[in-house]
Amino acid sequence: MSFQVDVVVMAAGKGTRMKSLRPKVLHRLGGRALAQHVIDCAARLSARSVVVITGHGAEQVEAGLSAPEAAPGAAATALKYVRQEPQLGTGHAVQQAAPALPDDGVTLVLSGDVPLTQPDTLQALLDLCAGERLALLTLDMPNPTGYGRIVRAADGAVQAIVEQKDASEAQRAITEIYSGIMAVPTRLLKGWLARLDNQNAQGEYYLTDVVKFAVGDGLGVQAHRIDDAVQVAGVNSPLQLAELERAYQLRVAEALMVQGTRLADPARLDVRGTLVCGQDVEIDVNAVFEGRVVLGDGVRIGANCVIANAVIEAGAVIHPFTHIDGEKLGVSVGPGALVGPFARLRPGAKLGAEVHIGNFVEVKNSTLAAGAKANHLAYLGDATVGERVNYGAGSITANYDGANKHRTVIEADVHVGSNCVLVAPVTIGAGGTVGAGSTITKSTAPGSLAVARGKQIGLEDWPRPVKKR
């Protein structure tokens, strides 16, 4: 491609049918805002810049979107914003963007609420434009109600786009519709934008009128017709958003299966971010992945797990109903580890090789070395746990004194009995044992038996007699 591409994203509309305080283009699909999908797609085309036209909820929209990451070795795509206030139609919107568009490129017009257009489709449209002519993305629809119709001459040449409200009965019978996506040389576009008027049924400035200007100027108009309606489907209601979510998730599932991932049911998978899978990975039904999740070779994910911002290394098994959320600190699960069912790993949890975290065990900001086990009903927070530690059911680290958090250190080969409280800061020496029901407030020597109960919590005369009424 011998010309530069600048992308205009229409994101000024209110979207009243969404019945939401959030601007329409910020509703999320696959964990990202609708308009963010469009911006990221533009970057995959190596666009020079993306100009987002905002209007309704402009400050929210501009705060909720970000420039895409540049591919390795590629130039970054600049992200700019312009305001359309008031909103007087699509042509008026692009008029606001025109000063930000260099004359030497091609302008690709996209819609912020049409998130699933594929880069190869847009590249084909740009190739058709070739930096010289107006190119439209069109689609045949059995029920074209509400869409602008593509009017062709007897020889098939595109003559105009007629909006639904302005169309005659014969024109409304046309099933080829304009998708809202076009590619046009910017120097030509600016001249046509200057000629727009609002003499139509809606009293708006239509961008689609540039087609009749191009025809009138003797410039051929090309149409790239596709048959995949999902690629040009917009979001105007919660129902449409849900339908596109399922279409998006099915695409993700198919891509994973092509790579070799085994999904128990592709229709019951939700990826709301980035999921990277190694070889021989198995994922059961109703798994939800958020943020960036990496699954190593041979990992198995049980049913109904929610996993966010985590790295799970080769051979690990995440049993059903486990909740892992690394947030900013992340979570790492070592090779061969077993987690769950009904376990919770919070930010900063780092599990070594062959670690076992069982049912109703919560781990937060803690490191467990190889072979450590906490199999039942326990809490490990702000702790460093050594190799082969056995942490008993019902035991907790009391790491917070009401003002500060302190660290608990449990050295290698320690056995912590059931129903213990380790009051940080405290260190349990290597090879030691903490007796069941103990409350430990002082560090212990390696190899020692620590038993502290009753008198430490004021129960030296327990059980107390029951008073009769």
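Everything numeric in this text was worked out from a predicted model, so none of it was measured.
The backbone N or O of K364 sits less than 3.5 Å from a side-chain atom of S366, completing a donor-acceptor pair. Panel note: side chain S111, backbone V114; no donor-acceptor pair is recorded below 3.5 Å. In this structure, Q249 contributes its side chain and E245 its backbone to no donor-acceptor pair below 3.5 Å. Of the possible polar contacts, none joining the Y391 side chain to the H376 backbone as a donor-acceptor pair under 3.5 Å is found. Panel note: side chain T54, backbone A12; no donor-acceptor pair is recorded below 3.5 Å. Between the side chain of T397 and the backbone N or O of N399, no donor-acceptor pair lies under 3.5 Å. A donor-acceptor contact shorter than 3.5 Å is absent between the side chain of Q96 and the backbone of I53. When atom types are taken as modelled, the side chain of K373 and the backbone of E354 share no donor-acceptor pair closer than 3.5 angstrom.
Counted by atom type alone, T145 and N143 present one or more donor-acceptor pairs between their side chains at under 3.5 Å. In summary, the side chains of T117 and Q231 do not present any donor paired with an acceptor at a separation below 3.5 Å, with no hydrogens or angles considered. Side-chain atoms of H92 and Q84 include a donor-acceptor pair closer than 3.5 Å. Side-chain contact of W192 with D217: a donor-acceptor pair under 3.5 Å is present, judged by distance alone.
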>> Run the side-chain contact (heavy atoms from CB on, under 4.5 Å) test on K190 and D103 for me, step by step, so that the C-alpha distance in whole Å, both residues' side-chain angles and the decisive distance to 0.1 Å come before the verdict.
In response: CA-CA 8 Å; K190 289 183 176 181; D103 289 348; 2.7 Å; yes
> Step by step, would you call K80 with D6 a salt bridge (charged side-chain N to carboxylate O under 4.0 Å, His left out)?
Replying inline: CA-CA 11 Å; K80 308 173 185 178; D6 298 289; over 6 Å; no
> Hey, mind stepping through L108 and V184 against side-chain contact (heavy atoms from CB on, under 4.5 Å) and telling me if it holds?
Replying inline: CA-CA 7 Å; L108 177 64; V184 54; over 6 Å; no
> Can you check salt bridge (charged side-chain N to carboxylate O under 4.0 Å, His left out) on R83 and E62, steps first, answer last?
Replying inline: CA-CA 10 Å; R83 299 278 179 94; E62 292 166 15; 2.7 Å; yes
>> Show, in sequence, the C-alpha distance, side-chain angles and deciding distance for L275 and T261, and conclude whether the side-chain contact (heavy atoms from CB on, under 4.5 Å) test is met.
In response: CA-CA 11 Å; L275 176 61; T261 302; over 6 Å; no
> Going through the checks in order, is the salt bridge (charged side-chain N to carboxylate O under 4.0 Å, His left out) test met by R152 and E176?
Replying inline: CA-CA 10 Å; R152 293 178 179 267; E176 185 183 7; 2.8 Å; yes
>> Applying side-chain contact (heavy atoms from CB on, under 4.5 Å) to L65 and L26, what does each step give before you reach the verdict?
In response: CA-CA 8 Å; L65 301 176; L26 291 186; 3.9 Å; yes
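Considering all non-hydrogen atoms of both residues, G358 and A343 come closest at O-CB, 3.5 Å. Closest heavy-atom contact between N365 and D382: ND2-OD1, 2.8 Å. Summarising the geometry of L193 relative to A98, their closest heavy-atom pair is CD1-CB, 4.1 Å, with the distance given to 0.1 Å. In this structure, D284 and A303 approach most closely via the heavy-atom pair CB-N, 3.4 Å. Residues V281 and G296 come closest through the heavy atom pair CG2-O, 3.3 Å. Heavy atoms only, all atoms of each residue included: V61 and P23 are closest at CG2-CB, 3.7 Å.
For the ring pair (Phe, Tyr, Trp, His ring centres under 6.0 Å) test, no residue two or more places apart in sequence or in another chain qualifies with Y81. Listed by chain and number, the residues in a ring pair (Phe, Tyr, Trp, His ring centres under 6.0 Å) with H37 are Y248 (sequence neighbours excluded). With sequence neighbours excluded, no residue forms a side-chain hydrogen bond (donor to acceptor under 3.5 Å, both in side chains) with R187. For V294, the side chain to side chain contact (heavy atoms under 4.5 Å, CB included) partners two or more places apart in sequence, or in a different chain, are V276, R292, V311. For T90, the side chain to side chain contact (heavy atoms under 4.5 Å, CB included) test picks out M10, L207, with sequence neighbours left out. By the side-chain hydrogen bond (donor to acceptor under 3.5 Å, both in side chains) test, R407 is found to be paired with T384, residues two or more places apart in sequence or in another chain being considered.
Legend: ring-ring contact (aromatic ring centres under 6.0 Å, His included) pairs involving residues 153-181, not counting sequence neighbours: none detected. Within the structure, ring-ring contact (aromatic ring centres under 6.0 Å, His included) pairs that include any residue of residues 266-290 do not occur (at least two apart or interchain). Listed by first and then second residue, the ring-ring contact (aromatic ring centres under 6.0 Å, His included) pairs that reach into residues 118-168 come to none, sequence neighbours excluded. Residue pairs meeting the ring-ring contact (aromatic ring centres under 6.0 Å, His included) criterion with at least one partner in residues 324-353, sequence neighbours excluded, are F321-F342, F342-F360.
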Would you give me the side-chain donor-acceptor pairs under 3.5 Å for residues 154-169, sequence neighbours excluded?
{"residue": "D155", "atom": "OD1", "partner": "A157", "partner atom": "N", "Å": "3.0"}
{"residue": "E163", "atom": "OE2", "partner": "T208", "partner atom": "OG1", "Å": "3.1"}
{"residue": "Q164", "atom": "OE1", "partner": "G146", "partner atom": "N", "Å": "3.1"}
{"residue": "Q164", "atom": "OE1", "partner": "R149", "partner atom": "NH1", "Å": "2.6"}
{"residue": "Q164", "atom": "OE1", "partner": "R149", "partner atom": "NH2", "Å": "3.1"}
{"residue": "D166", "atom": "OD1", "partner": "A201", "partner atom": "N", "Å": "3.0"}
{"residue": "D166", "atom": "OD2", "partner": "Y206", "partner atom": "OH", "Å": "3.0"}
{"residue": "S168", "atom": "OG", "partner": "Q171", "partner atom": "N", "Å": "3.2"}
{"residue": "S168", "atom": "OG", "partner": "Q171", "partner atom": "OE1", "Å": "3.4"}

Show me the side-chain donor-acceptor pairs of residues 325-340 shorter than 3.5 Å, one per line, residues at least two apart or across chains.
{"residue": "D325", "atom": "OD1", "partner": "E327", "partner atom": "N", "Å": "3.1"}

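Residue-environment remark: CZ (R300) stays at or below the threshold of 12 foreign heavy atoms within 6.0 Å. Within 6.0 Å of CG on D197 lie more than 12 heavy atoms contributed by other residues, nucleotides or ligands.
Proximity of L351 to L345: side-chain heavy atoms (C-beta onward) are separated by under 4.5 Å at one or more points. A 4.5 Å side-chain heavy-atom check between R246 and D270 finds at least one atom pair inside the cut-off. Residues N304 and P320 form no side-chain contact, since every pair of their non-hydrogen atoms from C-beta on lies 4.5 Å or further apart. No side-chain heavy atom of R344 sits less than 4.5 Å from a side-chain heavy atom of V363. The closest side-chain heavy-atom distance from V51 to V9 is not below 4.5 Å.
With respect to the salt-bridge test (charged N to carboxylate O, under 4.0 angstrom), the residues D209 and R195 do not qualify. Ionic pairing of D228 and R251 is present here: one or more N-O contacts between side-chain nitrogen and carboxylate oxygen are shorter than 4.0 angstrom. Looking at D40 and R32, a side-chain N of the basic residue comes within less than 4.0 Å of a carboxylate O on the acidic one, giving a salt bridge. Using a 4.0 Å cut-off between charged nitrogen and carboxylate oxygen, R48 and D104 count as a salt-bridge pair.
When each of T186, V5, V94 is checked for a side chain to side chain contact (heavy atoms under 4.5 Å, CB included) with T107, only T186 meets the rule.
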